[in-house]
Amino acid sequence: VTSQATFDAIKGPDAALEMLIQGKDKIVQHEIKKGDSLWSIAMANNLTVNDLREANPELANTDKLKPGMKINLVKAEPLVQVATVVTATVQEKIPYGITYKNDSSLWRGQQQVEQKGKYGSRQVTYRITKVNNEEIEKEALDEILLEEPVTQVVKRGTKVMVASRGDGGNGVLAWPTRGTITSAYGVRRSSGIHTGMDIDGDTGDPIFAAEDGVVLESGWKGNYGYCVVIDHGDGLSTLYAHLSKLKVSIGQSVKRGDLVGLMGSTGRSTGSHLHFEVRINGRHQNPKRFLE
């Protein structure tokens, strides 16, 4: 039974259709002002942010509001449920897989794409059911494979540096790179205490983790230039400075011998080399005591 008031509100077929779909609830709107947020609008109107998103589908995946913009505060409830069923044929991408294979010519921690992956494609016919223009069901009726995806093949390095032995070392850590020690740990006449060991090399030479651990720092560090710090547990940490490139990120777990960066001359440096430090509970130690 429809009231006289409802009939009076209908001014023609367009108005009747709108009322059937949108319902007879009055749409209350709010004009956005500077400083408004979904949270503040919801609190002021005894609503939740989810209520606002339901009333304004365009805000489903964003919180951005612009002054002058108008949003609904009430989600209109339709008087009738209009169901439609359609079929649609679309072309879709098929994701490609990734496989890894070990390669002894690459350093451990390095990866190289041997074969690029390629999306496949398929033609799918769907039966789509909508209620009041909102999709509620999507059923695949038919599928035709148009092109098979191509698997991406990635080579993963297994090569490790054979450790040299240090003088009087305890064998706790592996050498992070090969090269001549150009500046040892200890007192320097020109600049006071040298807190680490400088190992000579060429820009781009690989630098390896001296032991298993977790990356604490990976980035620019003042005079150290591009630098990596690894926590090995029990208060032991190592630092690798003046790198030309970083190969690890903060929070990443690394294994002894994994590639962590490439040698360089960034920061306060007079030539390409690795500045290597060993610390126990934050205090610098002579790296030679720990290398094997």
Side-chain angles (χ1 to χ4, degrees), residues 12-23 25 27 29-30 32 37-39 41-42 47-66 68-103 105-106 109-158 245-253 259:
D14 290 340
L17 178 61
E18 182 178 356
M19 178 171 289
L20 287 172
I21 295 175
Q22 298 296 332
D25 289 341
I27 302 299
Q29 291 189 319
H30 173 84
I32 303 301
S37 68
L38 290 179
W39 182 85
I41 296 168
L47 299 169
T48 67
V49 171
N50 283 338
D51 290 336
L52 293 178
R53 293 194 193 281
E54 288 183 4
N56 301 273
E58 69 277 11
L59 299 178
N61 299 307
T62 183
D63 293 328
K64 292 183 179 180
L65 302 175
K66 295 181 179 179
M69 175 182 175
K70 292 183 179 180
I71 64 172
N72 298 329
L73 300 181
V74 177
K75 181 181 179 181
E77 295 297 333
L79 293 175
V80 296
Q81 301 291 322
V82 180
T84 56
V85 179
V86 298
T87 57
T89 300
V90 296
Q91 189 167 314
E92 298 178 340
K93 288 183 177 179
I94 303 174
Y96 57 81
I98 301 177
T99 61
Y100 296 89
K101 69 178 188 180
N102 293 334
D103 191 309
S105 68
L106 298 176
Q110 281 186 308
Q111 291 187 354
Q112 188 178 92
V113 175
E114 181 180 66
Q115 174 179 277
K116 287 186 176 182
K118 183 180 178 183
Y119 285 101
S121 63
R122 61 190 172 197
Q123 181 177 288
V124 186
T125 300
Y126 290 103
R127 179 166 56 209
I128 303 169
T129 302
K130 295 183 178 182
V131 174
N132 290 348
N133 211 34
E134 182 178 344
E135 185 177 305
I136 63 169
E137 186 179 4
K138 187 176 184 179
E139 179 187 359
L141 301 177
D142 185 46
E143 179 178 319
I144 300 173
L145 178 65
L146 301 177
E147 186 177 4
E148 290 274 8
V150 176
T151 300
Q152 181 157 296
V153 179
V154 180
K155 295 190 292 186
R156 190 152 49 188
T158 59
K245 285 189 178 179
L246 303 168
K247 293 294 186 178
V248 290
S249 55
I250 294 174
Q252 181 177 335
S253 294
L259 184 72

Under the side-chain hydrogen bond (donor to acceptor under 3.5 Å, both in side chains) criterion, do Ser105 and Asp103 qualify, and how do the steps go? CA-CA 6 Å; Ser105 68; Asp103 191 309; 2.4 Å; yes

Nearest 0.5 Å, what's the [atom1]-[atom2] distance between [X] and [Y]?
X      : Y      : atom1 : atom2 : answer
Lys247 : Gln111 : NZ    : CD    : 10.5 Å
Thr125 : Glu143 : OG1   : CD    : 9.5 Å
Glu148 : Ser121 : CD    : OG    : 10.0 Å
Arg156 : Lys101 : CZ    : NZ    : 12.5 Å
Gln115 : Tyr96  : CD    : OH    : 11.0 Å
Gln29  : Ile71  : CD    : CD1   : 9.0 Å

So, are Arg53 and Asp63 salt-bridged, with charged N and O less than 4.0 Å apart? yes

Option passing side chain to side chain donor-acceptor pair (under 3.5 Å) with Glu147 (candidates Arg122, Lys93, Lys118): Lys118

Could you go through Leu259 and Leu106, starting from their C-alpha distance and side-chain angles, then the distance that decides it, and tell me whether this counts as side-chain contact (heavy atoms from CB on, under 4.5 Å)? CA-CA 10 Å; Leu259 184 72; Leu106 298 176; over 6 Å; no

The single option from Asn50, Leu59, Thr62 that satisfies side-chain contact (heavy atoms from CB on, under 4.5 Å) with Leu38 is Leu59

Taking all non-hydrogen atoms of both residues, which atom of His30 and which atom of Ile41 are closest, and how far apart? CD2-CD1, 3.7 Å

Closest heavy-atom pair and its distance - Ile128, Ala88: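 Nearest heavy atoms, Ile128 then Ala88: CD1-CB, 4.2 Å.
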
Heavy atoms, side chains only, cut-off 4.5 Å: are [X] and [Y] in contact?
X      : Y     : result
Lys66  : Ile32 : no
Leu73  : Leu52 : yes
Asp142 : Thr89 : no

Side chain of Asn72, backbone of Asn56: donor and acceptor closer than 3.5 Å?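 No, Asn72 side chain to Asn56 backbone: no donor-acceptor pair under 3.5 Å.
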
